Visitor: 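Can you read through this structure? Questions will come right after.
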Amino acid sequence: MTDWVQQAQDLTDEVLRPAAAEIDRSVKIPQSHFAALRDRGFYGLAFATTDPVNTLADVGEILVSGCLATAFVWAQHHGTLLRMVMSRNDTLKAQFLADLQSGAVTSGVSGSGYANAENPVIAATETNNGYTITGQAPFVTGWGLVDVIGVTAYDTRAQKTVTFLMDTTDGPNVHANRIPLSAADASNTVELIFNGHHIPHTAVIHVRKTPRGGLSIAERLVLRINGSLALGVARACLTEADRIGHPCRQLFETHTTVRDALNTAATGDGDIYDARARASQFAVTTATYCATAAGSRSVTAVNPPREWPGKPPSACCTPPSRKSSHASRAHVTPKTPPGRRAQTAEVQHDRPHERSR
């Protein structure tokens, strides 16, 4: 059986971390990174393990610690893939599912947070041959780097969400405005604007009645996986501090505690938003610790500790949801030009993923 955590660590050590500083400077992720993820099976990871949620969370955390921009784009893929698996549109599934699982086709996502019934920012109006889409998705990652994107809109008349698949190209009635980020800027994150964009019924992944009450277990699990972004930043900060001679056992132990709280909340036993907020706060704490431990070196142009204080906002950002939360109010800060930041250094095998496996 494949040890996916070790595979992720190997990919981080061999491919992601060595190129991270150049990616930050050039604001460009090489296609070889995505090819490496594909060739090693990481796009279909959810279907290659008996414990997909925890495995995705573990692997995501490690990949983020190597290159936030690359892992940020890769993480979006699974939202659309999992929706496609549950689709009843057999023709669309036959066309895309196998390629999404293999990584031959890669995907981004604009999730249900932008299509909540109380305040939908993407609206769908059904027509005779499909839907007309209007509104904007404020934060879509991987535009131009992935092949397709799964978008969820809200149909007010039917009181249902409509999730559809579309190409990641501008058109007459859809336009992407690039958003400069304080970190992971190479992820090509955009604001996606729809102005009467037509989607045929054949491109619809699913239409669902808006659920009442709390989050579904599926939504909790997606939020748990997203929490790996913050924990990945924290992991890299702690191992960098360890590398420069300032290990902090208390923070390593807190990492495990925060991670366990996320896992518990994902099952429905606890507040997943509070758990994500605490993970985000912990990422900020570890970034600050790393920069402080490095001292004056942390303000030099090419130095790992200088990078980390700017990373937590990007890693902790999440779209709005039907339920207000601390985590949903975390925002990406504007990029500060110029002087790109270097990324993380060593992630030791006995830190902290070995304790959390």
Side-chain angles (χ1 to χ4, degrees), residues 1-16 19 23 28-64 66-111 140-152 163-169 186-189 199 202-206 218 221-222 224-226 228-229 232:
M1 181 178 293
T2 301
D3 185 342
W4 288 105
V5 169
Q6 186 59 54
Q7 287 289 321
Q9 190 66 59
D10 292 344
L11 180 64
T12 294
D13 294 340
E14 297 166 9
V15 179
L16 301 185
I23 287 173
K28 184 177 181 180
I29 303 173
Q31 284 298 314
S32 58
H33 275 36
F34 301 121
L37 286 163
R38 180 189 66 239
D39 294 345
R40 302 189 191 203
F42 284 103
Y43 282 105
L45 176 60
F47 305 94
T49 173
T50 57
D51 187 9
V53 175
N54 286 326
T55 303
L56 277 170
D58 292 348
V59 166
E61 185 179 321
I62 294 170
L63 297 180
V64 165
C67 179
L68 177 57
T70 300
F72 205 17
V73 175
W74 167 82
Q76 314 305 309
H77 180 85
H78 304 282
T80 296
L81 172 58
L82 294 175
R83 288 171 173 85
M84 186 64 75
V85 169
M86 296 182 289
S87 176
R88 296 181 180 179
N89 186 339
D90 293 336
T91 300
L92 193 67
K93 285 178 71 171
Q95 183 179 356
F96 284 100
L97 182 57
D99 284 344
L100 285 170
Q101 286 185 249
S102 69
V105 171
T106 56
S107 179
V109 68
S110 173
V140 176
T141 294
W143 190 260
L145 297 176
V146 298
D147 302 305
V148 295
I149 182 171
V151 180
T152 300
T163 301
F164 57 89
L165 199 68
M166 60 175 284
D167 291 333
T168 54
T169 54
S187 64
N188 279 16
T189 296
I199 293 295
T202 54
V204 174
I205 299 174
H206 60 64
L221 295 180
V222 169
R224 166 62 189 99
I225 293 168
N226 289 343
S228 296
L229 297 173

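Remember, predicted model here, so these are calculated numbers, not experimental data.
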Visitor: Ignoring hydrogens, what is the shortest heavy-atom contact between I23 and A69? Give both atom names and the distance.
Guide: CG2-CB, 4.4 Å
Visitor: Spell out, as yes or no, whether a donor-acceptor pair under 3.5 Å connects the side chain of K93 to the backbone of V85.
Guide: yes
Visitor: Without swapping roles, check the side chain of D99 against the backbone of A104 for a donor-acceptor pair under 3.5 Å.
Guide: no
Visitor: Could you pull out all residues at least two apart from V140 that satisfy side chain to side chain contact (heavy atoms under 4.5 Å, CB included)?
Guide: S110, A137, I149, V190, L192
Visitor: Quick one: pull up OG1 in T12 and CD in E61 and give me the separation to the nearest 0.5 Å.
Guide: 11.0 Å
Visitor: How would you list, by chain and number, every residue that makes a ring pair (Phe, Tyr, Trp, His ring centres under 6.0 Å) with H78, sequence neighbours excluded?
Guide: W74
Visitor: Return the set of residues passing side-chain hydrogen bond (donor to acceptor under 3.5 Å, both in side chains) with T49 (not counting sequence neighbours), or none when no residue passes.
Guide: T55
Visitor: To the nearest 0.5 Å, what is the distance between OH (Y43) and OG (S107)?
Guide: 10.0 Å
Visitor: With T189, which residues qualify under side-chain hydrogen bond (donor to acceptor under 3.5 Å, both in side chains), at least two apart?
Guide: T141, S187
Visitor: Can you see which heavy atom on A8 is nearest to which on V59, and at what distance?
Guide: CB-CG1, 3.9 Å
Visitor: Can you sort out the partners of N89 under side-chain hydrogen bond (donor to acceptor under 3.5 Å, both in side chains), two or more places apart, ordered by chain and number?
Guide: none
Visitor: Kindly compute the distance separating CG (L56) from CZ (R224), expressed to the nearest 0.5 Å.
Guide: 10.0 Å
Visitor: Output the distance between atom CD (Q6) and atom CD1 (I62), rounded to the nearest 0.5 Å.
Guide: 8.0 Å
Visitor: Return yes if some donor-acceptor pair links the side-chain N/O of T106 with the main-chain N/O of V146 below 3.5 Å, else return no.
Guide: no
Visitor: Nearest 0.5 angstrom please: L63 CG to T70 OG1, how far?
Guide: 9.0 Å
Visitor: Considering all heavy atoms of both residues, which atom of V105 and which atom of H77 are nearest to each other, and what is their separation?
Guide: O-CE1, 3.3 Å
Visitor: List the steps and the verdict of side-chain contact (heavy atoms from CB on, under 4.5 Å) for D3 and Q7.
Guide: CA-CA 6 Å; D3 185 342; Q7 287 289 321; 5.6 Å; no
Visitor: Nearest 0.5 Å, please: how far is CZ in F72 from CG in N188?
Guide: 12.0 Å
Visitor: Quick check: closest heavy atoms across L82 and A46, and the distance to 0.1 Å?
Guide: CD2-CB, 4.3 Å
Visitor: Between D13 and Q9, does any side-chain donor sit less than 3.5 Å from a side-chain acceptor?
Guide: yes
Visitor: Does T202 reach the side chain of T91, with side-chain heavy atoms less than 4.5 Å apart?
Guide: no
Visitor: For residues 33-42, tabulate all N or O donor-acceptor pairs below 3.5 Å that involve a side-chain atom, not counting sequence neighbours.
Guide:
residue	atom	partner	partner atom	Å
R40	NH1	E14	OE1	3.4
R40	NH2	E14	OE1	3.2

